> 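Here it is: the structure, laid out below.
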Amino acid sequence: MEYSMDRSNEREAFDEIKTGVKGLVDSGIKEIPAMFRAPPAILASLKPPQASQEVNIPTIDLKGGSVHYKDQDLTTRRNVVEQIREAAEKWGFFRVTNHGISLELQERMLGGIRGFHEQDSQVKKQFYSRDHTRNFLYYTNVDLFTSASATWRDSVICYTSPDPPRSQDLPAVFGETMLEYSKEVTGLGELIFELLSEALGLNPNHLKEMDCAKSQMMTGQYYPPCPQPDLTLGFSKHSDFAFLTILLQDNIGGLQVLHDQAWIDVPPVPGSLVINIGDLLQFITNDRFISAEHRVIAHGSSEARVSAPCFFTTFKKANPRVYGPIKELLSEENPPKYRDCSITEISDIFSSNEVTIPRLLHFRI
(Lines give C-alpha, C1' and ligand atoms only; values in the text may rest on other atoms or scores of the structure.)
Protein backbone atom coordinates (compact mmCIF):
# COMPACT_ATOMS: atom_id res chain seq x y z
CA MET A 1 0.00 0.00 0.00
CA GLU A 2 1.37 3.43 -0.93
CA TYR A 3 1.05 6.60 1.09
CA SER A 4 1.73 10.28 0.50
CA MET A 5 5.02 11.65 1.75
CA ASP A 6 3.21 13.70 4.38
CA ARG A 7 1.47 10.61 5.75
CA SER A 8 4.68 8.61 5.78
CA ASN A 9 6.54 11.46 7.47
CA GLU A 10 3.83 11.73 10.12
CA ARG A 11 4.29 8.07 11.06
CA GLU A 12 8.07 8.26 11.02
CA ALA A 13 8.01 11.31 13.26
CA PHE A 14 5.65 9.58 15.67
CA ASP A 15 7.84 6.46 15.75
CA GLU A 16 11.02 8.44 16.36
CA ILE A 17 9.61 9.96 19.55
CA LYS A 18 9.61 6.42 21.02
CA THR A 19 6.87 7.07 23.57
CA GLY A 20 4.03 5.39 21.65
CA VAL A 21 0.33 5.97 22.11
CA LYS A 22 0.89 6.28 25.87
CA GLY A 23 2.98 9.37 25.14
CA LEU A 24 0.10 10.94 23.23
CA VAL A 25 -2.26 10.33 26.13
CA ASP A 26 0.25 11.71 28.63
CA SER A 27 0.52 14.89 26.55
CA GLY A 28 -3.16 15.57 27.27
CA ILE A 29 -4.55 15.39 23.73
CA LYS A 30 -8.33 15.75 23.34
CA GLU A 31 -8.52 14.59 19.71
CA ILE A 32 -6.71 11.65 18.14
CA PRO A 33 -4.23 12.44 15.32
CA ALA A 34 -5.50 11.85 11.78
CA MET A 35 -3.21 8.83 11.28
CA PHE A 36 -5.28 6.93 13.90
CA ARG A 37 -8.68 7.58 12.31
CA ALA A 38 -10.05 4.34 10.91
CA PRO A 39 -11.73 4.25 7.46
CA PRO A 40 -15.53 4.85 7.48
CA ALA A 41 -16.33 1.22 6.59
CA ILE A 42 -14.40 0.02 9.65
CA LEU A 43 -16.07 2.56 11.92
CA ALA A 44 -19.49 1.49 10.66
CA SER A 45 -18.75 -2.10 11.68
CA LEU A 46 -18.23 -0.97 15.27
CA LYS A 47 -21.96 -0.30 15.59
CA PRO A 48 -23.69 -3.62 16.35
CA PRO A 49 -26.97 -4.47 14.59
CA GLN A 50 -30.10 -3.57 16.53
CA ALA A 51 -31.25 -7.15 17.13
CA SER A 52 -27.91 -8.86 17.74
CA GLN A 53 -28.35 -12.11 19.64
CA GLU A 54 -26.00 -12.71 22.53
CA VAL A 55 -23.59 -15.53 21.65
CA ASN A 56 -20.57 -16.69 23.63
CA ILE A 57 -17.42 -18.55 22.61
CA PRO A 58 -17.19 -22.14 23.91
CA THR A 59 -15.84 -22.70 27.43
CA ILE A 60 -13.85 -25.87 28.16
CA ASP A 61 -12.96 -27.12 31.65
CA LEU A 62 -9.44 -28.60 31.62
CA LYS A 63 -9.89 -30.22 35.04
CA GLY A 64 -6.96 -28.44 36.69
CA GLY A 65 -4.72 -28.67 33.63
CA SER A 66 -4.24 -32.39 34.22
CA VAL A 67 -6.36 -33.96 31.49
CA HIS A 68 -3.79 -36.69 30.95
CA TYR A 69 -4.33 -40.44 30.71
CA LYS A 70 -2.53 -40.98 33.99
CA ASP A 71 -4.61 -38.35 35.79
CA GLN A 72 -8.09 -38.63 34.34
CA ASP A 73 -10.30 -41.43 33.16
CA LEU A 74 -10.56 -41.97 29.41
CA THR A 75 -14.15 -40.76 29.24
CA THR A 76 -13.21 -37.37 30.72
CA ARG A 77 -10.32 -36.98 28.30
CA ARG A 78 -12.45 -37.97 25.30
CA ASN A 79 -15.11 -35.46 26.30
CA VAL A 80 -12.54 -32.65 26.49
CA VAL A 81 -11.02 -33.67 23.14
CA GLU A 82 -14.46 -33.61 21.52
CA GLN A 83 -15.20 -30.14 22.94
CA ILE A 84 -11.88 -28.83 21.67
CA ARG A 85 -12.43 -30.40 18.23
CA GLU A 86 -15.80 -28.73 17.87
CA ALA A 87 -14.49 -25.36 19.07
CA ALA A 88 -11.43 -25.49 16.79
CA GLU A 89 -13.51 -26.44 13.75
CA LYS A 90 -16.46 -24.10 14.25
CA TRP A 91 -15.03 -21.13 16.14
CA GLY A 92 -11.24 -21.13 16.16
CA PHE A 93 -11.68 -19.52 19.59
CA PHE A 94 -12.48 -20.97 23.00
CA ARG A 95 -12.06 -20.21 26.67
CA VAL A 96 -10.36 -22.60 29.13
CA THR A 97 -10.93 -22.81 32.86
CA ASN A 98 -9.16 -24.91 35.50
CA HIS A 99 -6.03 -24.79 33.34
CA GLY A 100 -3.46 -24.98 36.14
CA ILE A 101 -1.99 -21.45 35.95
CA SER A 102 -2.60 -19.65 39.24
CA LEU A 103 -4.63 -16.45 39.45
CA GLU A 104 -1.81 -14.93 41.51
CA LEU A 105 0.69 -15.41 38.65
CA GLN A 106 -1.82 -14.11 36.11
CA GLU A 107 -2.29 -10.93 38.15
CA ARG A 108 1.46 -10.46 38.56
CA MET A 109 1.93 -10.83 34.80
CA LEU A 110 -0.73 -8.23 33.98
CA GLY A 111 0.60 -5.94 36.68
CA GLY A 112 4.11 -6.26 35.28
CA ILE A 113 2.97 -5.32 31.78
CA ARG A 114 1.13 -2.30 33.17
CA GLY A 115 4.18 -1.39 35.23
CA PHE A 116 6.44 -1.47 32.16
CA HIS A 117 4.21 0.73 30.04
CA GLU A 118 3.49 3.19 32.86
CA GLN A 119 7.10 3.64 34.01
CA ASP A 120 9.19 6.69 33.13
CA SER A 121 9.38 7.08 29.34
CA GLN A 122 13.15 7.53 29.42
CA VAL A 123 13.51 4.04 30.94
CA LYS A 124 11.20 2.52 28.30
CA LYS A 125 12.97 4.20 25.40
CA GLN A 126 16.08 2.04 25.79
CA PHE A 127 13.97 -0.95 24.69
CA TYR A 128 12.22 0.79 21.77
CA SER A 129 13.12 -1.03 18.55
CA ARG A 130 11.61 -2.80 15.53
CA ASP A 131 14.65 -5.07 15.16
CA HIS A 132 13.34 -8.62 15.62
CA THR A 133 16.82 -10.09 15.85
CA ARG A 134 16.63 -8.82 19.43
CA ASN A 135 14.87 -10.94 22.04
CA PHE A 136 13.01 -8.08 23.72
CA LEU A 137 11.38 -5.12 21.99
CA TYR A 138 8.98 -2.31 22.79
CA TYR A 139 7.17 -0.39 20.06
CA THR A 140 3.78 0.78 18.88
CA ASN A 141 1.75 -0.83 16.07
CA VAL A 142 3.52 -3.78 14.42
CA ASP A 143 2.18 -2.60 11.03
CA LEU A 144 2.60 1.15 11.62
CA PHE A 145 4.13 1.71 8.17
CA THR A 146 1.89 -0.63 6.16
CA SER A 147 -1.58 -0.09 7.65
CA ALA A 148 -4.39 2.10 6.36
CA SER A 149 -4.65 3.62 9.84
CA ALA A 150 -2.70 3.25 13.06
CA THR A 151 -4.39 1.77 16.14
CA TRP A 152 -4.50 2.80 19.79
CA ARG A 153 -2.00 0.35 21.28
CA ASP A 154 1.60 -0.09 22.44
CA SER A 155 3.35 -3.46 22.70
CA VAL A 156 6.24 -5.29 24.27
CA ILE A 157 7.50 -8.44 22.57
CA CYS A 158 9.79 -11.10 24.00
CA TYR A 159 10.99 -14.25 22.26
CA THR A 160 10.91 -16.64 25.22
CA SER A 161 11.48 -20.04 23.58
CA PRO A 162 13.44 -22.06 22.53
CA ASP A 163 16.23 -19.70 23.68
CA PRO A 164 14.89 -17.60 26.56
CA PRO A 165 16.69 -14.34 27.28
CA ARG A 166 18.57 -13.83 30.52
CA SER A 167 16.53 -12.10 33.22
CA GLN A 168 19.21 -9.39 33.50
CA ASP A 169 18.59 -8.47 29.85
CA LEU A 170 14.88 -7.88 30.49
CA PRO A 171 13.10 -4.93 32.12
CA ALA A 172 13.48 -5.01 35.88
CA VAL A 173 9.79 -4.25 36.36
CA PHE A 174 8.57 -7.63 35.11
CA GLY A 175 11.32 -9.65 33.41
CA GLU A 176 11.41 -12.48 35.98
CA THR A 177 7.62 -12.66 36.16
CA MET A 178 7.43 -12.94 32.38
CA LEU A 179 9.88 -15.85 32.31
CA GLU A 180 7.95 -17.59 35.10
CA TYR A 181 4.66 -17.10 33.28
CA SER A 182 6.22 -18.28 30.01
CA LYS A 183 7.15 -21.62 31.57
CA GLU A 184 3.60 -22.15 32.82
CA VAL A 185 2.11 -21.24 29.44
CA THR A 186 4.52 -23.63 27.72
CA GLY A 187 3.16 -26.52 29.79
CA LEU A 188 -0.43 -25.52 29.06
CA GLY A 189 0.34 -25.09 25.37
CA GLU A 190 1.84 -28.56 25.14
CA LEU A 191 -1.29 -30.03 26.74
CA ILE A 192 -3.55 -28.20 24.29
CA PHE A 193 -1.45 -29.36 21.33
CA GLU A 194 -1.87 -32.94 22.61
CA LEU A 195 -5.64 -32.51 22.77
CA LEU A 196 -5.73 -30.88 19.34
CA SER A 197 -3.68 -33.77 17.92
CA GLU A 198 -6.18 -36.27 19.28
CA ALA A 199 -9.04 -34.13 17.95
CA LEU A 200 -7.51 -34.65 14.50
CA GLY A 201 -7.36 -38.42 15.05
CA LEU A 202 -3.57 -38.34 15.37
CA ASN A 203 -1.08 -39.50 17.99
CA PRO A 204 -1.15 -37.13 21.00
CA ASN A 205 2.43 -36.03 20.33
CA HIS A 206 1.96 -35.40 16.60
CA LEU A 207 1.77 -31.59 16.67
CA LYS A 208 4.51 -31.34 19.28
CA GLU A 209 6.78 -33.53 17.14
CA MET A 210 6.16 -31.08 14.29
CA ASP A 211 7.65 -28.41 16.61
CA CYS A 212 4.36 -26.53 16.88
CA ALA A 213 5.08 -25.90 20.57
CA LYS A 214 8.82 -25.28 20.19
CA SER A 215 8.88 -21.51 19.64
CA GLN A 216 7.12 -18.97 21.80
CA MET A 217 6.70 -15.21 21.64
CA MET A 218 5.29 -13.47 24.71
CA THR A 219 3.71 -10.05 24.26
CA GLY A 220 2.32 -7.39 26.55
CA GLN A 221 -0.35 -5.22 24.94
CA TYR A 222 -1.26 -1.84 26.42
CA TYR A 223 -4.40 -0.03 25.25
CA PRO A 224 -4.52 3.46 26.82
CA PRO A 225 -7.82 5.27 27.33
CA CYS A 226 -8.77 6.97 24.06
CA PRO A 227 -10.33 10.45 23.92
CA GLN A 228 -12.30 9.46 20.78
CA PRO A 229 -12.77 5.66 20.96
CA ASP A 230 -15.49 5.74 18.29
CA LEU A 231 -12.97 6.91 15.67
CA THR A 232 -10.24 4.24 15.95
CA LEU A 233 -9.49 0.68 17.04
CA GLY A 234 -7.27 -0.83 19.69
CA PHE A 235 -6.21 -3.57 17.23
CA SER A 236 -7.48 -3.93 13.66
CA LYS A 237 -9.18 -7.07 12.38
CA HIS A 238 -6.57 -9.80 11.95
CA SER A 239 -5.79 -13.47 12.40
CA ASP A 240 -2.67 -14.65 14.24
CA PHE A 241 0.58 -15.58 12.53
CA ALA A 242 1.10 -18.53 14.89
CA PHE A 243 0.15 -22.14 15.48
CA LEU A 244 -1.73 -21.23 18.66
CA THR A 245 -2.32 -18.22 20.91
CA ILE A 246 -3.00 -18.29 24.65
CA LEU A 247 -4.43 -14.97 25.83
CA LEU A 248 -4.57 -13.52 29.32
CA GLN A 249 -6.64 -10.32 29.54
CA ASP A 250 -7.58 -7.93 32.33
CA ASN A 251 -11.14 -6.96 33.32
CA ILE A 252 -11.73 -4.07 30.92
CA GLY A 253 -12.75 -5.98 27.80
CA GLY A 254 -12.84 -5.01 24.15
CA LEU A 255 -11.83 -8.25 22.39
CA GLN A 256 -14.18 -9.39 19.63
CA VAL A 257 -14.10 -12.44 17.34
CA LEU A 258 -15.70 -12.67 13.90
CA HIS A 259 -18.12 -15.63 13.85
CA ASP A 260 -20.75 -16.28 11.18
CA GLN A 261 -20.10 -12.78 9.77
CA ALA A 262 -20.91 -11.11 13.09
CA TRP A 263 -18.61 -9.58 15.70
CA ILE A 264 -18.97 -11.42 19.02
CA ASP A 265 -17.70 -9.96 22.30
CA VAL A 266 -15.19 -12.08 24.25
CA PRO A 267 -15.67 -10.59 27.72
CA PRO A 268 -13.11 -11.17 30.47
CA VAL A 269 -13.78 -14.01 32.91
CA PRO A 270 -11.42 -13.83 35.91
CA GLY A 271 -8.97 -16.72 36.03
CA SER A 272 -9.80 -18.06 32.57
CA LEU A 273 -7.64 -17.91 29.44
CA VAL A 274 -8.71 -17.50 25.82
CA ILE A 275 -7.24 -19.89 23.23
CA ASN A 276 -7.31 -19.25 19.51
CA ILE A 277 -6.16 -21.24 16.53
CA GLY A 278 -3.52 -19.45 14.45
CA ASP A 279 -2.93 -19.28 10.70
CA LEU A 280 -0.19 -21.92 10.83
CA LEU A 281 -2.47 -24.49 12.45
CA GLN A 282 -5.21 -23.83 9.89
CA PHE A 283 -2.53 -24.23 7.21
CA ILE A 284 -1.17 -27.61 8.37
CA THR A 285 -4.65 -29.00 9.17
CA ASN A 286 -5.78 -28.14 5.62
CA ASP A 287 -8.56 -25.88 6.93
CA ARG A 288 -9.87 -28.50 9.37
CA PHE A 289 -9.26 -26.00 12.17
CA ILE A 290 -9.97 -22.32 11.54
CA SER A 291 -7.93 -19.26 12.39
CA ALA A 292 -10.66 -16.79 13.24
CA GLU A 293 -10.30 -13.08 12.64
CA HIS A 294 -10.54 -10.91 15.72
CA ARG A 295 -10.01 -7.32 16.83
CA VAL A 296 -9.92 -5.06 19.90
CA ILE A 297 -12.13 -2.01 20.08
CA ALA A 298 -10.78 1.21 21.59
CA HIS A 299 -12.15 2.33 24.95
CA GLY A 300 -12.61 5.44 27.04
CA SER A 301 -12.21 3.81 30.46
CA SER A 302 -10.31 5.62 33.17
CA GLU A 303 -7.38 3.17 33.01
CA ALA A 304 -5.58 1.27 30.25
CA ARG A 305 -6.60 -2.18 29.08
CA VAL A 306 -3.76 -4.71 29.44
CA SER A 307 -3.42 -8.17 27.92
CA ALA A 308 -0.75 -10.85 27.54
CA PRO A 309 -1.13 -12.90 24.34
CA CYS A 310 1.41 -15.71 24.10
CA PHE A 311 2.01 -16.91 20.54
CA PHE A 312 3.50 -20.26 19.57
CA THR A 313 5.46 -18.91 16.62
CA THR A 314 8.86 -17.67 15.50
CA PHE A 315 7.04 -14.58 14.13
CA LYS A 316 9.63 -12.35 12.41
CA LYS A 317 12.70 -14.39 13.29
CA ALA A 318 14.19 -16.42 10.43
CA ASN A 319 12.75 -19.94 10.29
CA PRO A 320 13.59 -21.98 7.17
CA ARG A 321 11.52 -25.00 8.24
CA VAL A 322 9.08 -26.03 5.52
CA TYR A 323 5.50 -26.96 6.39
CA GLY A 324 2.51 -28.14 4.42
CA PRO A 325 -0.82 -29.85 5.12
CA ILE A 326 -0.37 -32.91 7.37
CA LYS A 327 -0.15 -35.97 5.12
CA GLU A 328 -2.22 -38.15 7.46
CA LEU A 329 -5.17 -35.79 7.03
CA LEU A 330 -5.14 -35.87 3.21
CA SER A 331 -7.05 -38.15 0.85
CA GLU A 332 -8.66 -38.14 -2.58
CA GLU A 333 -11.70 -36.54 -0.97
CA ASN A 334 -9.52 -34.08 0.96
CA PRO A 335 -6.59 -33.07 -1.28
CA PRO A 336 -4.08 -30.44 -0.12
CA LYS A 337 -5.41 -26.89 -0.29
CA TYR A 338 -2.02 -25.26 0.23
CA ARG A 339 1.44 -25.65 -1.24
CA ASP A 340 4.40 -26.36 1.02
CA CYS A 341 6.35 -23.29 2.12
CA SER A 342 8.77 -22.13 4.78
CA ILE A 343 7.77 -20.16 7.85
CA THR A 344 10.09 -17.38 6.67
CA GLU A 345 8.11 -17.13 3.43
CA ILE A 346 4.88 -16.68 5.37
CA SER A 347 6.61 -14.16 7.65
CA ASP A 348 7.70 -12.12 4.64
CA ILE A 349 4.06 -11.90 3.50
CA PHE A 350 3.06 -10.80 7.00
CA SER A 351 5.74 -8.11 7.20
CA SER A 352 4.97 -6.59 3.81
CA ASN A 353 1.24 -6.08 4.41
CA GLU A 354 -1.04 -4.58 7.01
CA VAL A 355 -2.31 -7.09 9.56
CA THR A 356 -5.82 -7.05 8.05
CA ILE A 357 -4.63 -8.82 4.87
CA PRO A 358 -5.26 -12.63 5.00
CA ARG A 359 -1.95 -14.42 4.60
CA LEU A 360 -2.99 -17.98 3.74
CA LEU A 361 -4.54 -16.94 0.40
CA HIS A 362 -1.01 -16.50 -0.97
CA PHE A 363 -0.33 -20.23 -0.54
CA ARG A 364 -3.56 -21.74 -1.81
CA ILE A 365 -3.21 -24.26 -4.62
Side-chain angles (χ1 to χ4, degrees), residues 3 6-39 42-43 46 109-132 136-158 171 173-174 217-238 247-256 294-309 316 354-356:
Y3 300 100
D6 287 346
R7 191 170 187 180
S8 175
N9 288 344
E10 180 185 17
R11 298 187 186 212
E12 288 177 4
F14 171 64
D15 199 47
E16 287 171 5
I17 296 172
K18 300 182 179 180
T19 56
V21 175
K22 176 71 162 56
L24 293 176
V25 174
D26 290 344
S27 73
I29 63 166
K30 302 301 181 186
E31 295 185 4
I32 65 174
M35 60 184 273
F36 288 94
R37 293 176 181 254
I42 302 295
L43 296 179
L46 298 178
M109 181 63 182
L110 292 173
I113 294 168
R114 186 179 300 278
F116 175 87
H117 286 284
E118 295 180 354
Q119 67 184 325
D120 184 88
S121 61
Q122 295 304 314
V123 178
K124 286 192 296 184
K125 279 184 177 181
Q126 65 181 304
F127 296 104
Y128 199 96
S129 173
R130 295 183 183 274
D131 177 9
H132 281 260
F136 186 91
L137 310 90
Y138 149 62
Y139 56 64
T140 184
N141 282 249
V142 65
D143 62 342
L144 180 65
F145 299 105
T146 56
S147 62
S149 59
T151 50
W152 208 251
R153 177 190 79 262
D154 296 329
S155 307
V156 294
I157 290 174
C158 185
V173 68
F174 83 126
M217 183 182 74
M218 187 72 64
T219 64
Q221 308 286 17
Y222 185 86
Y223 302 86
C226 182
Q228 295 176 300
D230 55 334
L231 296 181
T232 189
L233 284 162
F235 207 138
S236 300
K237 178 183 75 171
H238 66 285
L247 170 71
L248 166 65
Q249 57 178 335
D250 68 7
N251 62 357
I252 290 179
L255 175 64
Q256 296 181 329
H294 50 287
R295 68 183 182 184
V296 178
I297 58 175
H299 70 91
S301 302
S302 59
E303 65 177 18
R305 176 183 186 265
V306 173
S307 68
K316 292 193 175 187
E354 60 179 312
V355 296
T356 60

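None of these values were measured; they are calculated from a predicted model.
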> May I ask you to test the L248-L110 pair for a side-chain heavy-atom distance under 4.5 Å?
yes
> Does T356 reach the side chain of I42, with side-chain heavy atoms less than 4.5 Å apart?
no
> Would you call L233 and V296 a side-chain contact if the rule is heavy atoms closer than 4.5 Å?
no
> Would you tell me whether D15 and Y128 have side-chain atoms, one donor and one acceptor, within less than 3.5 Å of each other?
yes
> Is the closest side-chain heavy-atom distance between D250 and R114 below 4.5 Å?
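Yes, close enough: below the 4.5 Å cut-off.
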> Counting heavy atoms not belonging to K18, are there more than 12 under 6.0 Å from its NZ?
no
> Which is it for V156 and F136 under the side-chain contact (heavy atoms from CB on, under 4.5 Å) test, yes or no, and what are the steps along the way?
CA-CA 7 Å; V156 294; F136 186 91; 3.9 Å; yes
> Carefully, step by step, assess Q256 and H294 under the rule side-chain contact (heavy atoms from CB on, under 4.5 Å).
CA-CA 6 Å; Q256 296 181 329; H294 50 287; over 6 Å; no
> So, T232 side chain and F36 main chain: donor-acceptor pair closer than 3.5 Å or not?
yes
> More than 12 non-hydrogen atoms from neighbouring residues, nucleotides or ligands closer than 6.0 Å to CD on E31, yes or no?
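Result for CD/E31: open.
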> Yes or no on side-chain contact (heavy atoms from CB on, under 4.5 Å) for V142 and V355, after CA distance, side-chain angles and deciding distance?
CA-CA 8 Å; V142 65; V355 296; 3.9 Å; yes
> List the steps, then state whether side-chain contact (heavy atoms from CB on, under 4.5 Å) holds for L144 with M35.
CA-CA 10 Å; L144 180 65; M35 60 184 273; 3.8 Å; yes
> Determine yes or no for a side-chain-to-main-chain donor-acceptor pair under 3.5 angstrom, with Q126 supplying the side chain and V123 the backbone.
yes
> Between R305 and Q249, do the side chains contain a donor N or O and an acceptor N or O under 3.5 Å apart?
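Present: a donor and an acceptor within the cut-off.
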> So which atom in T151 and which in V21 form the shortest heavy-atom distance, rounded to 0.1 Å?
O-CG2, 3.9 Å
> Is any side-chain heavy atom of I32 closer than 4.5 Å to a side-chain heavy atom of L24?
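A side-chain contact is absent here, since even the closest heavy-atom pair is not under 4.5 Å.
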> Output the distance between atom CD1 (I157) and atom CE (M218), rounded to the nearest 0.5 Å.
12.5 Å
> Looking only at heavy atoms, what is the nearest atom pair of Q221 and I113, with distance?
O-CG2, 4.2 Å
> Please tell me if the side chains of R130 and T140 come closer than 4.5 Å, counting only heavy atoms from C-beta onward.
yes
> How close do A34 and E10 get, counting heavy atoms only, and between which atoms?
N-OE2, 4.2 Å
> What's the separation between atom CD in E303 and atom CD in E118, rounded to the nearest 0.5 Å?
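E303 atom CD to E118 atom CD measures 8.0 Å (nearest 0.5 Å).
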> Nearest heavy-atom pair of G234 and Y223: which atoms, and what distance?
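In terms of heavy atoms, the two residues are closest at O-CE2, 3.4 Å.
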> Backbone N or O of P224 within a donor-acceptor pair of the H117 side chain at under 3.5 Å?
no
> For a quick test of reading the model, state the closest non-hydrogen atom pair linking P225 to S301 and the distance between them.
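Minimum heavy-atom contact is CB-O, 3.0 Å.
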> Using every non-hydrogen atom in the two residues, find where Y139 and S129 come nearest and quote the distance to one decimal.
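Of all heavy-atom pairs spanning Y139 and S129, the closest is CD2-O, 2.8 Å.
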> I need the S149 OG to N141 CG distance, nearest 0.5 Å.
9.0 Å
> Under 3.5 Å, is there a donor on one side chain and an acceptor on the other for R153 and S307?
no
> Aromatic rings F116 and F174: how do their planes relate, parallel, tilted or perpendicular, breaks at 30° and 60°?
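Taking F174 first and then F116, their aromatic rings sit tilted (interplane angle of 30° to 60°).
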> Does the side chain of D26 reach to within under 4.5 Å of the side chain of T19, using non-hydrogen atoms?
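Side chain of D26 against side chain of T19, heavy atoms only: no contact under 4.5 Å found.
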